Amino acid sequence: MDTLHEKTIERRVFTSFFRDGSVEAFTGIILLQLGLPLLFSRSGFGDMESALFTLPIALILLAIVFLVRRLVVTPRLGRVKFLHERRRKLSKLIIVPILTLIAGAIAGYIFTGNASPKNIFVGLIPFSLSPIIVFSAAAYFLDMKRLYVYGTIVSLILPLGKYLETIIISKTTLPATLLIPAFVFLGIATFFFVAFLRKYHETRV
Amino acid sequence: MEDQVNKQTTDSISEIMNIDRLVHSPARLAILTYLSVVEEGDAVYLLNQTGLTWGNLSANVTRLQEAGYIEVGKEFKDKKSHTLIKLTNEGRKAFYDYQKKMKGLLDINKPI
């Protein structure tokens, strides 16, 4: 790629493939995956049962997003093979799930293990840093600045929920703090998807 | 100094006559631009990015293909055929040469 101008065009073309709300849907699913087990466990279910209830929901939602992208989005946007440079950058995206696992394991160890700090807010730091790291990596590899914002929002939700729990003493305060933004993100995703469908019609060539 | 500027202006005007007219058309320039930033893309991709009508795109793609600037191939995916369009080396060279010439022309015509 020769000029800065071309890089801008390439980036614009690449990001145009993600204006269908799928990124927002993924963010919503992540929050749902955090909020639902908490809601179930606080409703009397065991931790393992709660996780097992939630996992299929998240997997079904992820499958829907993938199918919609494959069957609805791609035929409307067209098929493109990006340049080697872009594909190389995309291949590094594998770092994101690895970072998620590492960050989650560290956060889990600090939060629930022996290293659990006395101050609950100190314990939340790894939970807040994980989304920032994961979303920033995704933002960098996908060239999507809005992912930095989403990462910041996700990272602030848990401390906010914990703080609200000290004011509004209820079992559902923390799950609600996670689930409300989850549904907001899923709502935004639906809005973007409808806008996408209205803008792009299936073209038969 | 003034003579040199005049000569440069004359040269740049004669350069305009040597511009590749096949690339110079707005529709074909758009097609080449969007093909230059990907390895290959199908007709739907070009339709969406350029905003051209199907007829217009088809006519311009044919002209570029005839000139050897692009390659048009078929691919079968999910039992459906897709037309894949790719910029050839010749096409890429023509596109960059055009860019270079136009930049040169625009730079030389800057107010002195």
Side-chain angles (χ1 to χ4, degrees), chain A residues 1-22 63-64 66-93 141-144 192-205, chain B residues 23 29-62 70-87 89 91-104 106-107:
Chain A
M1 208 156 302
D2 277 346
T3 61
L4 186 69
H5 182 57
E6 271 184 315
K7 277 186 180 161
T8 314
I9 296 170
E10 195 271 346
R11 196 178 299 136
R12 199 176 67 81
V13 167
F14 177 73
T15 53
S16 73
F17 281 76
F18 294 94
R19 286 191 199 126
D20 56 347
S22 54
I64 291 171
F66 276 113
L67 279 175
V68 165
R69 270 194 73 81
R70 192 184 156 92
L71 302 173
V72 183
V73 176
T74 310
R76 281 171 165 80
L77 287 177
R79 285 179 201 283
V80 171
K81 191 175 176 187
F82 286 96
L83 291 173
H84 181 68
E85 233 174 273
R86 169 65 64 185
R87 280 185 280 137
R88 205 179 51 201
K89 204 172 177 182
L90 278 177
S91 68
K92 288 179 186 163
L93 198 65
F141 292 120
L142 290 171
D143 271 326
M144 271 181 238
F192 280 165
F193 184 60
V194 171
F196 170 82
L197 290 180
R198 288 176 71 166
K199 189 175 175 188
Y200 298 97
H201 301 278
E202 198 163 353
T203 320
R204 299 231 174 259
V205 288
Chain B
V23 183
L29 188 58
I31 293 168
L32 291 173
T33 304
Y34 285 112
L35 283 177
S36 73
V37 295
V38 295
E39 206 168 289
E40 57 185 13
D42 67 4
V44 180
Y45 158 70
L46 285 177
L47 272 178
N48 280 324
Q49 299 293 339
T50 60
L52 297 170
T53 61
W54 171 237
N56 202 351
L57 177 73
S58 175
N60 284 298
V61 161
T62 307
I70 58 171
E71 261 173 27
V72 181
K74 289 267 180 200
E75 180 208 53
F76 283 91
K77 199 147 195 175
D78 302 327
K79 293 176 186 171
K80 284 179 193 166
S81 122
H82 290 278
T83 308
L84 287 173
I85 305 158
K86 189 180 180 176
L87 201 62
N89 287 338
R92 202 169 285 274
K93 189 183 172 299
F95 177 63
Y96 289 139
D97 282 349
Y98 173 83
Q99 274 191 340
K100 214 169 135 187
K101 271 184 189 168
M102 288 305 281
K103 270 182 202 157
L106 294 170
D107 279 349

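The structure displayed is predicted, hence computed values, not measured ones.
Annotation: maximal heavy-atom pairing with chain A below 4.5 Å, among B/L46, B/D42, B/T33, B/I85, occurs at B/D42. Chain B forms the most heavy-atom pairs under 4.5 Å with one residue out of A/R87, A/R86, A/K199, A/H84, and that residue is A/R87.
The part of A/R76 that comes within reach of chain B is its backbone (N, CA, C, O), which places non-hydrogen atoms under 4.5 angstrom from that chain. Contacts of A/F14 with chain B are absent, with no heavy-atom separation under 4.5 Å from either backbone or side chain.
Residue A/R70 qualifies as open at atom CZ: its count of foreign heavy atoms under 6.0 Å is 12 or below.
Taking the side chain as every heavy atom from C-beta outward, B/L47 and B/T53 never approach each other to under 4.5 Å. Taking the side chain as every heavy atom from C-beta outward, A/D20 and A/Y200 never approach each other to under 4.5 Å.
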Worked verdict on B/K101 versus B/D97 for salt bridge (charged side-chain N to carboxylate O under 4.0 Å, His left out)
CA-CA 6 Å; B/K101 271 184 189 168; B/D97 282 349; over 6 Å; no
